[in-house]
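If you read the sequence from its start, that first residue is 1, and numbering goes on from there. All of these numbers come straight from a predicted model, not from anything done at the bench.
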Amino acid sequence: MGKLARPGPGKLQFIPLGGLGEIGKNLSAVVYGNDIILIDCGLAFPEPDMPGIDLVLPDITYLLENKDRVRAIFLTHGHEDHIGGIPYFLKQIQVPIYGTRLTLGIVEMKLQEHQISLHPKSHPVDPGDTIRVGSFSVEFFRVNHSIPDATGLIIRNPVGTIVHTGDFKFDHTPVDGHVADFHKLAQVGSEGVLLLLADSTNAERPGYTPSEKTVGKTLDRIIEQATGRVLVSSFASQVHRIQQVVESAVRHGRHVAVVGRSMENVVQKATELHYLDFPEGTWMSLDNILKQPANKTLILTTGSQGEPMSALTRMSTSDHKKVEIMSGDTVIISATAIPGNEKMVARTVNNLYRLGAEVYYGPNIGIHVSGHACQEELKLMLNLVKPKFFIPVHGEYRHLVHHAQLAREVGIDPSHVLIGENGTVFELTKDSAQIVGQVPAGKVLVDGFGVGDVGNIVLRDRKQLSNDGILIVVVGMDAQSGLLVSEPDIVSRGFVYVRESEALLDEARSRVKSALTAMEGGNLSEWSAIKALVRDTLGRFLWDRTKRRPMILPIIMEV
């Protein structure tokens, strides 16, 4: 199916394989002639209806079918939903990867955990650098986001220029002083842009996204007023947030420790690369900081999303090996809950209050701002770039629809605004853009070391087991005559409490025995027919009695 997507002469294709109609697992292909370049390679976290799943990756069947044409991956920034899939990708397709210093530094840390290396041609870039690959010339330009070194891409090719914004907002007072490159956007807009691909995450939100610096002021005020220990939980990648928190700690005479592996890794890498810079003596090991007076300590920790194994969650349940929450502690959760995580965050907050902590959390008190552009910034991007065609990317379907509406409002021809989903093949010429087909673009589930070995059928079984449990029916039969040689035995797990349901299980055994006895005159040599009979008989009986549908697993013992 993927082989059919090769564009003809003078045609360019854009194929999103992840990140459209969803938040996460961003991966897109740009195709011209015999060359394919990729933008980002991320992962998504499992949804509540994916029991046991650790990670979700984009389906790269199309790329595997065309792997000899894949030239390089260009990374916009270092968030998991844009780089988390790289270790799994490189195990199947080895290509050079280009990104800014912090982005590539975080990627290299991830690859070390998987014991694989970057392609030897990979190297870090600075905003303003251009990489030439096959028919493409890709220039990086600076944008603001909730991680340093975020960039967009200007992709020049024989058909026309594509601008991909990456995840962005326009912050006029960024913490590091690096404002988004308005000049470059206006310049490329005046040269002529065939296609704009723009971040749609906040397309429903009116107005502007506040500056990251506004968060720093609120955090400083809370830290200044705290009389005991301060614990701050944030996304590990929020380096500018960490910078502001630690600056505030230094200002108010507090030492700082870091708890949580992902936070420790990012702080170490950001410090190595000079994205974090503090006076000597600011940092302390956790063991040493716990010996300091409470009003002289601040602990940076993971767990802003209530993840069960994260440091803050374990502290909230008194399950952390070293840190115990106590009355007088101030806990700041400097993040908003990702959709689906609200209950876990609420549970953590409740537990922290039970232990006597003062907790600051929620979207309305100024301790977190989004890293994505709101409607007025999205309009500004459209007006700076002035594209002939527009495809909204990075967002759930409703976000794409709202972003498309904004594009029409600022004057882009409605017929030039296209909406698609993962797998959609958009084909462009100098004068046209249309949807011409579909390539495979599903979800590849990671469970432990298994990549893709858990599919819909296994997930369905897991859901059934979690909802109604399992009954195992063991039947002893004579191999020669096909006659029953023992009473059926039933083992129940997660269905009913056996000691209180002996009558129900006795009757279930009786029903199975009666059904098998009635069939003894017929053909009982087919084990599959016997198993189907047991499942049907027991399934109907249990539904009538309990209105539950446990998984029924017949086992036939040949005697």
Find out whether [X] and [Y] are in side-chain contact, i.e. whether some heavy atom of one side chain is under 4.5 Å from a heavy atom of the other.
X      : Y      : result
Thr302 : Leu312 : no
Phe140 : Asp126 : no
Asp176 : Val239 : no
Leu384 : Phe182 : yes
Val230 : Val331 : no
Ser304 : Ser234 : no
Ile470 : Phe495 : no

Which of these, Thr209, Thr201, Thr336, sits in a side chain to side chain contact (heavy atoms under 4.5 Å, CB included) with Ser370?
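Answer after filtering Thr209, Thr201, Thr336: Thr209.
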
CD/Glu409: more than 12 non-hydrogen atoms of other groups inside 6.0 Å
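Yes, enclosed.
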
Let me see the working for Arg261 and Glu264 under salt bridge (Lys or Arg N to Asp or Glu O under 4.0 Å), right down to the final yes or no.
CA-CA 5 Å; Arg261 191 166 62 93; Glu264 289 167 12; over 6 Å; no

Given the rule in the salt bridge (Lys or Arg N to Asp or Glu O under 4.0 Å) test, do Lys110 and Glu113 qualify, once you have shown the distances and angles that lead to the verdict?
CA-CA 5 Å; Lys110 298 184 77 63; Glu113 292 176 9; 5.7 Å; no

Can you tell me if [X] uses its side chain to pair, donor with acceptor, with the backbone of [Y] under 3.5 Å?
X      : Y      : result
His119 : Lys121 : yes
His320 : Lys322 : yes
Asp171 : Glu212 : yes
Thr165 : Phe168 : no
Thr218 : Ile367 : no
Asp81  : Leu43  : no

Measuring from [X]:[atom1] to [Y]:[atom2], what's the distance to the nearest 0.5 Å?
X      : Y      : atom1 : atom2 : result
Arg254 : Ile289 : CZ    : CD1   : 9.5 Å
His399 : Ile23  : NE2   : CD1   : 5.5 Å
Leu231 : Leu298 : CG    : CG    : 7.5 Å
His403 : His394 : NE2   : NE2   : 12.5 Å

Identify the residue among Thr151, Asp40, Asn26 that makes a side chain to side chain donor-acceptor pair (under 3.5 Å) with Thr76.
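With Thr76 as partner, side chain to side chain donor-acceptor pair (under 3.5 Å) holds for just one option, Asp40.
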
Met109/Gln268 under side chain to side chain contact (heavy atoms under 4.5 Å, CB included): CA gap, chis, key distance, verdict:
CA-CA 10 Å; Met109 283 195 307; Gln268 179 187 339; 5.9 Å; no

Hey, are Arg142 and Asp181 close enough for a salt bridge, meaning a charged N less than 4.0 Å from a carboxylate O?
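The answer is no: the pair does not qualify as a salt bridge.
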
Pair His123 + Tyr98: ring centers closer than 6.0 Å:
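Distance test on ring centres: under 6.0 Å, yes.
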
When you look at Arg251 and Asp220, which way does the salt bridge (Lys or Arg N to Asp or Glu O under 4.0 Å) test go after all the steps?
CA-CA 9 Å; Arg251 198 175 300 124; Asp220 186 69; 2.6 Å; yes

Positive for ring pair (Phe, Tyr, Trp, His ring centres under 6.0 Å) with His145, one of His240, His372, His178, His82
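That would be His372.
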
Measure across Gly78 and Thr103 and return the closest heavy-atom pair with its distance rounded to 0.1 Å.
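For Gly78 and Thr103, the tightest heavy-atom pair comes out as N-OG1, 3.6 Å.
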
Do His77 and Asp149 meet the criterion of a side-chain donor-acceptor pair at a distance under 3.5 Å?
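Looking only at side-chain atoms, Asp149 and His77 do not form any donor-acceptor pair under 3.5 Å.
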
